[in-house]
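Structure first, commentary second.
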Amino acid sequence: TKKINNLTKEIEYVTSNDNGDTFKIIAMYGKTNLENTNILDLEKVDGIISSLERSKIYISSDFAKYDYSNQNSKFYTNVVIKYDNKKMTCDYLDLEMKKNIAIAYDNVIVQDESSILRAQVIILNLITKDISINSEDKIKILTN
């Protein structure tokens with residue numbers, strides 16, 4: 001077995017903004033990035049964005065990078081976002097906490113009980129939960 005230095009198990013970070021929104025990130029494993037000590041490389045990751053005014057947003061992925069300096073996160077590999085009655089999957093999700101946005105890109109699919117939407121890039125407003133769709137390819141929407 002290979003010894004891994006700097007590995008921490010069962011990590012949990014909680015941050016909040018001026019509006020009282022909280023972001024909790026939980027990971028099975030994590031280690032400090034050797035190239036940038038402000039970055040924590042995480043494995044088996046779950047995130048929850050909570051607010052007093054709206055329902056929770058749940059995020060999960062195989063990996064993520066959490067930046068201590070700005071509380072931003074980059075989730076990647078098997079990314080799933082759930083909120084209200086919607087499920088979004090993508091290859092990558094960048095969470096920009098100060099801007100209150102999540103940017104999902106590469107193989108983005110948004111599903112609810114009546115439709116499926118596919119696009120290259122979707123920007124989710126974390127406050128309103130409105131989405132903006134940016135796609136060079138045709139946007140596909142399938143309805144039941």
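Just so you know, these numbers use all the heavy atoms, side chains as well, and skip hydrogens, waters and symmetry mates.
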Inset, instruction - Evaluate the criterion side chain to side chain donor-acceptor pair (under 3.5 Å) for residue pair D67 and N38; output intermediate values, then yes/no. - result: CA-CA 6 Å; D67 190 332; N38 284 331; 4.9 Å; no
Inset, instruction - Would you check, one step at a time, whether the test side chain to side chain donor-acceptor pair (under 3.5 Å) holds for S61 with N78? - result: CA-CA 5 Å; S61 67; N78 297 315; over 6 Å; no
Inset, instruction - Carefully, step by step, assess D91 and Y105 under the rule side-chain contact (heavy atoms from CB on, under 4.5 Å). - result: CA-CA 6 Å; D91 292 340; Y105 53 101; over 6 Å; no
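Summarising the geometry of Y29 relative to I11, their closest heavy-atom pair is C-CD1, 3.9 Å, with the distance given to 0.1 Å. For L95 against A102, the heavy-atom pair with the smallest separation is CD1-CB, 3.8 Å. The two residues V108 and Q120 come nearest to each other via the heavy atoms CG2-O, 3.4 Å. In this structure, K86 and D112 approach most closely via the heavy-atom pair NZ-OD2, 3.9 Å. The minimum heavy-atom distance between K98 and Q71, with the atom names listed, is NZ-OE1, 3.9 Å.
Criterion: ILVMFWY side-chain heavy atoms under 4.5 Å apart, direct or through other members. Under it, I48 and L42 are not part of a common hydrophobic cluster. With hydrophobic clusters built from ILVMFWY side chains whose heavy atoms lie under 4.5 angstrom apart, I57 shares a cluster with I131. Cluster membership check: V80 does not share its hydrophobic cluster with V110, using side-chain heavy-atom separations under 4.5 Å among Ile, Leu, Val, Met, Phe, Trp and Tyr.
For the atom pair I81 CD1 and I59 CD1, the distance stands at 6.5 Å (nearest 0.5 Å). In this structure, the separation between CD1 on I49 and OH on Y58 is 11.5 Å, given to the nearest 0.5 Å. Here the straight-line distance linking atom CD1 of I127 with atom NZ of K99 works out to 13.5 Å at 0.5 Å rounding. A distance of 13.0 Å separates CG in D130 from CD1 in I101, rounded to the nearest 0.5 Å. Considering SG of C90 and CD1 of I103, their distance stands at 11.0 Å, rounded to 0.5 Å. Rounding to the nearest 0.5 Å places NZ of K74 at 8.5 Å from CD1 of I39.
Between T32 and L34, every side-chain heavy-atom pair lies at or beyond the 4.5 Å cut-off. Proximity of N85 to E113: side-chain heavy atoms (C-beta onward) are separated by under 4.5 Å at one or more points.
Between D62 and K44 there is no salt bridge, since no side-chain N of the basic residue sits under 4.0 Å from a carboxylate O of the acidic one.
Side-chain atoms of N72 come within 3.5 Å of backbone N or O of M97 as a donor-acceptor pair.
Atom CD of E10 has 12 or fewer heavy atoms from other residues, nucleotides or ligands within 6.0 Å. Counting non-hydrogen atoms of other residues, nucleotides and ligands closer than 6.0 Å to OH of Y92 gives a total of 12 or fewer.
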Side-chain donor-acceptor distances from residues 21-28 under 3.5 Å, at least two apart:
residue	atom	partner	partner atom	Å
D21	OD1	S51	OG	3.1
D21	OD1	R54	NH1	3.4
D21	OD2	N17	ND2	3.2

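Partners of D41 by salt bridge (charged side-chain N to carboxylate O under 4.0 Å, His left out), not counting sequence neighbours, listed by chain and number: K65. Applying the side-chain contact (heavy atoms from CB on, under 4.5 Å) criterion to E35, with sequence neighbours excluded, gives N33.
By the 30° and 60° cut-offs, the orientation of the rings of Y68 relative to Y13 is perpendicular.
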